[in-house]
Structures are given as C-alpha cells and as structure tokens.
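Just below is one structure, and these are the notes that go with it.
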Amino acid sequence: MNIKRKIIIDTDPGQDDAVAILMALASTELEVLGITAVAGNVPLNLTEKNSCIVVELSGRTDVPVFSGCSTPLVRNLVTAEEVHGKTGLDGMKPVEPSIPLEEKHATDFIIETLLANNPGTITLCPLGPLTNIAQAMIQAPEIIKRIQEIVLMGGAYFEVGNVTPAAEFNIYVDPEAAEKVFSSGVPITVLPLDVTHQVLTTETRVDIVRNIGNKVGQEVANLMTFFERFDKEKYGLDGAPLHDPCVIAYLLEPEIFDGRYVNVEIETQSKLTRGMTVVDWWGVTDREPNCLFVGKADSTRFFELLTEKLRLLP
Ligand code: BDR
Ligand code: CA
C-alpha cells in the first residue's frame, strides 16, 4: 500500500504559488490536508481569495482553505505587485471563487492538525513569508517537535537577492518569522533562488503546458506568460524562474535536486541586509547545520514532471 505524504501548503498566491498548488493537488503521492494563506506577494484579502480560485480550478474542492496572518510578526507588510500584478494572479481572467474560506484561522488549523496526527507525519510547505508558521510555533511550541519536515521556498546565497541586493522576497518580508523557523530545530529543506533560477519558463516549455489540452494547462500558460515578463527583462533571460513549484517537485522527486547540509542564519538587525540568508556553504564556522540548502536542479526533468502532473487536472 502506498502511503501518501501529508502536507500543508502555506502560500501567498502569486502565479508561481498557483502552479505549485496545482502540481500538488494533481499528485496522488501527496495528501494536501489544507492550504493556508498568508500575506506576501499581495495583501491577505487577495492571497486567501486566490488560494480558493486555484483550488477550484484544480477541481479538488475537498481541500480546505484557511486564512492566516495579514502582517509580518513585527513589521509592516511589503508586497510585490510589480512582479505579480494587482490581483496576484494577473494573466488569468479575474473570477470570483465559489468555494468558501474555512472559518478557522490558518495558525489554529496548523496547530490542531499537528496535534491531531502522529508526531513526524506532517510536512509543512511554505511558499511565502514564514509568518503563519512562526506564529503557530509561538502560539503552541509543543507542535515544533511534531513537524516531520519543513520544505520551503526562500532565501539565496550565490544568487544573493531579488528584492534587495542582499535578500530574497519571502525571507525579506518577515525576517523575524524566518529566524524563528530556522532556529526551531525542525528538519528544513530550502529551495532558494540559487536553484529556482535554474528552472526557467522558456517559450517551448510554456507552449508544451498550453497544449496539454485541458483548462489548467491553458491557465498555467497564461499565468507563466504574465509572470515571466518581469524577470525576463530584469535578468535578460529566456524565461523566468518558476520558484514555488520547486518545493512540490522536491517532495515528489528529490533526486532532481542536489544540495548541502549547512548552517543558515537570518539577518534581522541590519537595514542594508535585512532578510539575508547567511549560508555557511563552505563550512567556515563551527555553527551546526540546520538545513539542507539546495543548489542544483535538473530543469528538464522538472518541467517533464510538472507537465505530467498538470495533465491529470481538468
Ligand atoms: C518568492 O517570492 C514570490 O514573489 C514568489 O511567489 C516566490 O515565493 C521568490 O522570491
Ligand atoms: Ca510565493
């Protein structure tokens, strides 16, 4: 009997978040217990709505969506409409979701789910700022030991920053939350810009997705086409990094990726380097490794896998 891996996706959709959610909901290897929205790419009222839109698009209306924290732990929210558009899902025709949000707060859902399941059986998959996850740890520290693993998109080392010269967006927005998570002792796998910048949405790849022949394929192609214009211009690349789906691909086929167990500390004090992930890649300190920091991906296999999964949706 195949045992499905139980996950909670914490997200701020975001076109790339949307693709990650669709990929996860298409995967029979995964049991998505819930989607928890957090403020990030756009404010919470939009990320919660977008989460519902994406779940509905997948046809998996059995998966509950919860709304979480509207601001970082101690700072004002910073959003990224210049990348994701006004709605966060620009590229897709605006729609009103017909599935409702759950009444429970996202952090209560995370806490209650971890307490109700056997220790070491739930993986958290954060695709946005780490506010909901840190808040749940603060509210109920007893959950920390029960988390199987946290597999997250965030941070950068060799690629340095995308929102400032030093920092990646998800960590920059809520560095105090990131510090809480990285120092929690939970096994962590990090999919940073170093790896997501190898996974590019080229024209050929987008065409393959558009031609899958289902509605999801068309919508994902529309989302990717909108999303890539910003990074294509910024980096002068053929396509844009498809960040968040790397988390789901890692869960499904970790052999696509390669990384190192290293120590990562989060800069919270400096104005200049706020949210920088200080990675001891070369082992020059005696700080204990606290995560697997991924540095390489087989992008051809990644896009094959993504296409295989999207093909299974309506
Ligand atoms: C991350 O920030 C957001 O713009 C994306 O959704 C991704 O999670 C990349 O830095
Ligand atoms: Ca995201």
Side-chain angles (χ1 to χ4, degrees), residues 8-24 35-44 46-51 53-54 68-69 72 77-92 106 124-133 150-175 177-178 181 189-201 220 223-224 226-232 234-235 237 239-250 266 274-277 293-294 297:
I8 295 174
I9 300 179
D10 189 69
T11 178
D12 62 338
Q15 291 85 356
D16 61 323
D17 299 74
V19 180
I21 294 168
L22 291 167
M23 192 179 184
I35 310 277
T36 53
V38 69
N41 288 324
V42 285
L44 186 68
L46 292 173
T47 60
E48 63 188 31
K49 176 177 170 187
N50 292 347
S51 298
I53 293 173
V54 176
C69 300
L77 178 65
V78 177
T79 52
E81 283 84 357
E82 71 285 7
V83 183
H84 298 273
K86 245 204 204 132
T87 68
L89 288 185
D90 281 28
M92 212 175 132
L124 304 181
C125 303
L127 310 177
L130 289 159
T131 320
N132 284 345
I133 310 297
I150 295 176
V151 182
L152 67 91
M153 191 280 133
Y157 182 56
F158 293 101
E159 288 286 318
V160 206
N162 61 354
V163 62
T164 71
E168 180 279 330
F169 179 80
N170 290 341
I171 308 295
Y172 175 82
V173 172
D174 199 343
V181 169
T189 297
V190 182
L191 284 302
L193 296 183
D194 304 63
V195 73
T196 67
H197 281 197
Q198 294 167 32
V199 174
L200 299 179
T201 58
V220 167
L223 289 170
M224 291 203 257
F226 179 86
F227 184 53
E228 67 181 11
R229 91 225 170 279
F230 183 86
D231 281 338
K232 265 174 142 173
K234 177 172 165 192
Y235 298 111
L237 294 169
L242 199 54
H243 307 284
D244 295 337
C246 286
V247 166
I248 308 304
Y250 176 82
I266 311 295
R274 157 184 172 179
M276 184 172 186
T277 40
F293 198 82
V294 178

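Ligands are counted one by one from 1 in listed order, and the atoms in each one are counted from 1 as well.
- Taking atom 3 (C) of ligand 1 as the reference point, the nearest protein heavy-atom neighbour is N41 OD1, 3.1 Å.
- Of all the heavy atoms of L127, the ones lying under 4.0 Å from any atom of ligand 1 belong exclusively to the backbone.
- The residue from F158, Y157, Y235 that alone fulfils the ring pair (Phe, Tyr, Trp, His ring centres under 6.0 Å) condition with H197 is Y235.
- Of all atoms in ligand 1, numbered sequentially from 1 with element shown, those under 4.0 Å from a heavy atom of F169 are 2 (O), 3 (C), 10 (O).
- V199 pairs in a side-chain contact (heavy atoms from CB on, under 4.5 Å) with only one of the listed residues (L242, L191, D16), which is L242.
- In summary, of the residues considered (D174, T11, D10), a side-chain hydrogen bond (donor to acceptor under 3.5 Å, both in side chains) with N132 occurs for D10 alone.
- Taking the Ca ion (ligand 2) as reference, D244 places its N/O/S atom OD2 nearest.
- By the criterion of a heavy-atom distance under 4.0 Å, neither the backbone nor the side chain of V83 is placed next to ligand 1.
- Aromatic rings of F169 and H243 (six-membered ring for Trp) have centroids beyond the 6.0 Å cut-off, not under it.
- Side-chain contact of T47 with D12: a donor-acceptor pair under 3.5 Å is absent, judged by distance alone.
- Closest to atom 6 (O) of ligand 1 among all protein heavy atoms lies D16 OD1, 2.7 Å.
- For residue L127, an N/O/S atom approaches the Ca ion (ligand 2) to within less than 3.0 Å.
- No donor-acceptor distance shorter than 3.5 angstrom exists from the side chain of T201 to the backbone of G239, with no hydrogens or angles considered.
- Protein heavy atom at the shortest distance from atom 10 (O) of ligand 1 is E168 OE2, 2.4 Å.
- Look at H84 and you'll find a heavy atom under 4.0 Å from some atom of ligand 1.
- For atom 8 (O) of ligand 1, the nearest non-hydrogen atom of the protein is D244 OD1, 2.7 Å.
- Using modelled atom types and a 3.5 Å distance limit, the side chains of T87 and D90 yield a donor-acceptor pair.
- L152 places a side-chain heavy atom less than 4.5 Å from the side chain of V190.
- Here's the thing with N170: one of its N/O atoms is less than 3.5 angstrom from an N/O atom of ligand 1.
- Judged by distance alone, with hydrogens and angles left aside, the side-chain atoms of E168 form no donor-acceptor pair with the main-chain N or O of A156 at under 3.5 Å.
- Only the side chain of N162 comes within 4.0 Å of ligand 1, judged by heavy-atom distances.
- The Ca ion (ligand 2) lies at the vertex of an angle of 80° between the OD1 atom of D12 and the OD1 atom of D17 (rounded to 10°).
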